[in-house]
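Notes to accompany the following structure.
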Amino acid sequence: MIMTVAEAMVRCLEAEGVKQIFGYPGATICPFYDALSRTDIRHVLVRTEQNAGHAANGYARMTGKPGVCVVTSGPGATNLITGISTAYMDSIPLVVITGQVVSSLLGSDVFQEVDITGSVEAFIKHSYLVKDPKQIGRIFKEAFYIAGSGRPGPVLIDIPMDVQKMKVDFEYPEKVSIRSYKPSFKGHIGQINKAAAAIAKAKKPLIVAGGGIFISGAEEALRKFVHKTQIPVVNTLMGIGALNADDSLRMGMIGMHGLPPANFAVGQADVLILCGARVADRTIPNPGALSKQKTIIHMDIDPAEIGKNIGVDIPVVGDIRMILEQLENAACEDENGPHIDGSHWGEWLEELQKRKASYHPDYSERKNYVNPKAFMHTLYEKLPEDAIVVADVGQNQMWAANEYSVRHGRFLTSGGMGTMGYSLPCAIGAKAACPDRMAVSVCGDGSFQMCFMELATEIQHNIPVKTVVFTNNRLGMVREHQAVAWDNNLTAVFLDGSPDFAKLAEAYNIPSARIHLDDQIDIAVDSMLRTDGPFLLEVIVDPLEPTL
Amino acid sequence: MKHTLSVLVENQAGVLSRVSGLFARRGFNIDSLAVGTTADPRVSCITIVVDDKENAIEQIEKQLNKLIDVIKVKDFIPDEIISRELMLVKVNATAQTRQEIKELADMYGAKLADLTRNSMTLECCNTTERLDNLLDIVRPYGLKQVIRTGSIALEKGNESFTV
């Protein structure tokens with residue numbers, strides 16, 4: 001059928017089942033917006049382009065499909081760069097569409113021209129600059145396939161304005177075939193058997209569950225595997241919620257800001273099974289020493305992750321869900337093969353459970369301030385079971401992470417990049433994907449001021465999220481770092497000049513509350529959860545409150 | 001240790017930038033990089049000589065394979081390849097030294113590509129090591145300019161590394 005490329009772009013999105021996109025228009029992407037106006041695809045207008053990336057990120061994480069964001073050329077595209085790199089670091093599938101100046105002017109530094117495909121090269125899975133209108137269908141088909149398959153990630157399509165206006169005889173390809181891109185899914189059976197044999201011989205096995213669990217939809221496979229084998233589980237920041245909070249095999253988050261019982265487990269284990277975790281420095285700070293002491297089994301869909309940060313004894317490349325299912329079968333073999341049922345590491349499990357039970361977070365009452373750990377604990381207890389909590393970056397992130405006790409909900413955060421200002425736009429994207437579930441953004445007064453422009457987005461598009469702001473008038477985690485590592489030379493961490501957040505909320509017509517005492521937590525959380533629509537709850541915490 | 005990687009890629013705009021950018025940002029050391037088309041005009045071959053540790057080479061291969069436009073990567077075994085590099089070297093030459101230089105050049109199979117009253121330009125195609133030797137030999141006459149293509153390589157024998 002003959003149509004403009006812009007219309008074809010919209011057909012491509014429809015063919016991919018895209019229902020909502022996040023964006024910010026400008027001149028060079030207007031042909032697309034013109035075509036978009038004649039479809040049922042919902043466009044959510046964010047208030048700065050970076051947040052189109054974060055919202056599409058939240059949307060993708062909740063739907064399991066690539067999130068789509070659209071911006072204009074030049075500053076629109078460069079503003080989005082942090083959104084792209086954030087998605088790249090956490091392996092979140094995005095299809096990013098950017099307008100570009102007309103092709104005949106490319107390379108001549110005209111108004112709002114920037115080489116965006118070149119700019120994002122280091123942190124994008126793939127990118128296209130569309131010059132031939134006939135390629136539009138193939139490129140979109142490939143982009144969605146590449147973004148969503150294998151190890152997911154962002155894919156960029158840069159389209160000059162004149163190309164968008166060209167006519168094309170359009171048909172969306174049914175199949176995609178890229179000779180140089182064939183991700184493998186099933187684990188190699190030889191490697192699976194080696195892993196099973198190593199686990200069968202283990203005395204203190206431990207699973208480290210990372211973000212790959214969610215990407216491959218392996219939550220149930222993990223639960224079944226560990227319940228059959230009785231292998232205890234710790235999680236990374238990205239793996240929070242891989243096992244439900246009340247699961248007796250769950251030992252908590254590891255890493256620099258992880259819980260002592262969980263880090264103890266990593267230290268003591270003799271066989272460490274890394275499941276979709278990339279061994280980042282904040283999670284496993286001493287990989288060299290660990291790989292010498294233990295048998296490391298590393299399971300990941302990206303072969304390049306294996307051996308990159310930690311020496312590995314048994315690599316298994318593939319989709320984590322499939323590998324866990326294969327491993328479960330291998331673990332149940334009888335006759336001569338391994339039979340793994342946890343019978344010979346009962347003591348190990350018992351010890352970990354004892355340590356977990358005897359670890360008590362500090363919920364003690366603070367004078368004139370709210371204890372943020374006690375607050376998060378209460379919030380989680382009162383939240384609906386399937387709530388989505390998006391933590392920002394800094395102390396708020398670690399309070400939210402370590403107190404996590406959601407049952408069937410999700411915990412989202414920017415793990416790899418640690419992008420401040422992620423929580424509100426991501427929560428908007430997550431809520432847009434799951435309108436029936438509650439979405440809560442948890443941030444600090446620093447990160448909130450990096451994203452509060454998006455309060456307008458949730459009002460305009462009726463995507464209500466709850467926002468919790470921990471106020472300490474500081475960049476709390478940097479302050480803590482300067483106190484410890486820089487001889488308490490506190491520099492540029494004071495947030496004086498911040499607005500009154502209650503008045504700010506009022507300006508957006510969003511109800512709000514502010515608490516500064518522990519005994520106000522219950523009532524405040526109740527009233528936030530009871531209120532229909534958006535709500536802003538400001539929680540005043542001690543500037544000296546420690547992260548752990 | 002030096003490794004010769006042969007990388008078959010889609011012959012498209014931006015591919016070379018992606019490949020070379022990968023080396024820069026991940027801190028891998030490139031000795032040389034040469035690129036050209038193959039018998040199939042849709043496919044280019046990039047020959048990269050890398051000087052790095054064994055585990056870095058493995059990581060380079062894996063990272064290269066992650067690039068969508070990279071079709072195949074092979075880390076060649078040093079003794080089992082034929083590798084060649086082209087060098088042009090402009091060297092000071094007077095009527096007195098001309099014959100001497102010509103004789104040295106002949107020993108390396110280098111040809112005379114250009115001649116002026118004060119200089120000679122030699123053209124030599126050989127292995128990187130032989131070119132290094134030739135350079136050392138003619139260096140005392142005074143090098144005016146040296147330019148090299150970087151190695152290209154393929155495996156000996158009947159097998160061929162294609163898509």
Side-chain angles (χ1 to χ4, degrees), chain A residues 85 88 91 103 106-107 115-132 135 138-139 142-143 145-147 149-156 158 176-184 278 287-288 291 298 300-312 315 317, chain B residues 1 3 5-30 33 35 37-46 48 50 52-75 160-163:
Chain A
S85 58
Y88 183 77
S91 312
S103 25
L106 270 173
D115 169 17
I116 191 62
T117 53
S119 308
V120 299
E121 200 178 85
F123 41 80
I124 198 141
K125 194 170 174 188
H126 197 49
S127 59
Y128 297 90
L129 170 57
V130 186
K131 288 185 170 168
D132 176 4
Q135 300 299 322
R138 175 187 65 84
I139 287 174
E142 286 186 4
Y145 174 63
I146 292 170
S149 61
R151 177 182 185 171
V155 175
L156 178 105
D158 193 29
V176 56
S177 170
I178 308 166
R179 62 174 158 182
S180 54
Y181 178 72
K182 310 258 185 243
S184 54
R278 64 189 179 89
S291 65
H298 197 170
D300 204 292
I301 197 155
D302 180 1
E305 281 307 332
I306 291 170
K308 188 179 85 178
N309 296 339
I310 191 167
V312 173
V317 175
Chain B
M1 202 193 136
H3 284 249
L5 300 178
S6 194
V7 187
L8 296 173
V9 300
E10 299 289 350
N11 184 8
Q12 280 168 11
V15 178
L16 186 58
S17 161
R18 284 181 188 132
V19 169
S20 58
L22 178 76
F23 279 79
R25 70 174 169 273
R26 294 207 180 256
F28 302 136
N29 294 314
I30 298 187
L33 184 151
V35 58
T37 50
T38 62
D40 178 348
R42 292 165 305 170
V43 178
S44 291
C45 182
I46 306 179
I48 308 171
V50 199
D52 225 320
K53 294 190 219 78
E54 289 304 312
N55 59 345
I57 303 288
E58 188 188 321
Q59 187 59 210
I60 290 170
E61 272 191 81
K62 286 174 168 178
Q63 292 294 346
L64 282 169
N65 271 314
K66 276 180 78 167
L67 297 176
I68 307 290
D69 289 327
V70 169
I71 306 165
K72 265 185 185 176
V73 183
K74 191 158 185 185
D75 178 11
S160 50
F161 179 58
T162 53
V163 291

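Convention: sequence-line order gives letters A, B, ...; per-chain numbering from 1.
Within the 4.5 angstrom heavy-atom criterion, atoms from both the backbone and the side chain of B:R18 approach chain A. Only the side chain of B:E10 has a heavy atom closer than 4.5 Å to any heavy atom of chain A. For B:V9, no part lies under 4.5 angstrom from a heavy atom of chain A.
Taking a 6.0 Å sphere around NZ of B:K53, one finds it holds 12 or fewer heavy atoms contributed by other residues, nucleotides or ligands.
Using a 4.5 Å cut-off between non-hydrogen atoms, the part of residues 59-69 of chain B that approaches chain A consists of B:Q59, B:K62, B:Q63, B:K66, B:I68, B:D69. Residues of residues 119-129 of chain A that come closer than 4.5 Å to chain B, counting heavy atoms only, are A:E121, A:A122, A:K125, A:H126, A:S127, ordered by residue number.
For the set B:K72, B:E58, B:R25, the count of heavy-atom pairs under 4.5 angstrom toward chain A peaks at B:R25.
With contacts defined as side-chain heavy-atom distances shorter than 4.5 Å, the pair B:N55/A:K308 does not qualify.
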